[in-house]
Amino acid sequence: MRAQALLALLLLCVLLLQARGGQHSQKRGQGKQRPPEIKQCEKRPKIYLCTVPCTDHRECQANTICCSTFCGNVCMNVL
């Protein structure tokens, strides 16, 4: 009898966690914006820039953008 009650309680907890997790992930997905698309670099980078790859513009310092080159995505100066 006790085992059945514990099993029912465990099942209820699992169902509640799944329901809450579904709502939580939906709320987070609504506020997300797509990151800007990484475009081809306008000029060829210096070879030393190839050692520090980037995946997003936010990873780059001020006045630089993440762009695609022959060696992958790197932060290039926009000035």
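Predicted model only: the values in this text are computed from it and were never measured. Position 1 is the first residue of the sequence; numbering continues from there.
Here the NZ-NE2 distance, from Lys39 to His57, works out to 8.0 Å after rounding to the nearest 0.5 Å.
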Please tabulate, for side-chain N and O atoms in residues 62-75, each donor-acceptor pair with protein atoms closer than 3.5 Å (sequence neighbours left out).
unit_1, atom_1, unit_2, atom_2, d
Thr64, OG1, Gln61, N, 3.2
Thr64, OG1, Gln61, O, 2.5
Thr69, OG1, Cys71, N, 3.2
Thr69, OG1, Gly72, O, 2.7

Would you tabulate the side-chain donor-acceptor contacts of residues 42-51 under 3.5 Å, counting partners in other chains and residues two or more places apart, or write 'none'?
unit_1, atom_1, unit_2, atom_2, d
Thr51, OG1, Tyr48, O, 2.8

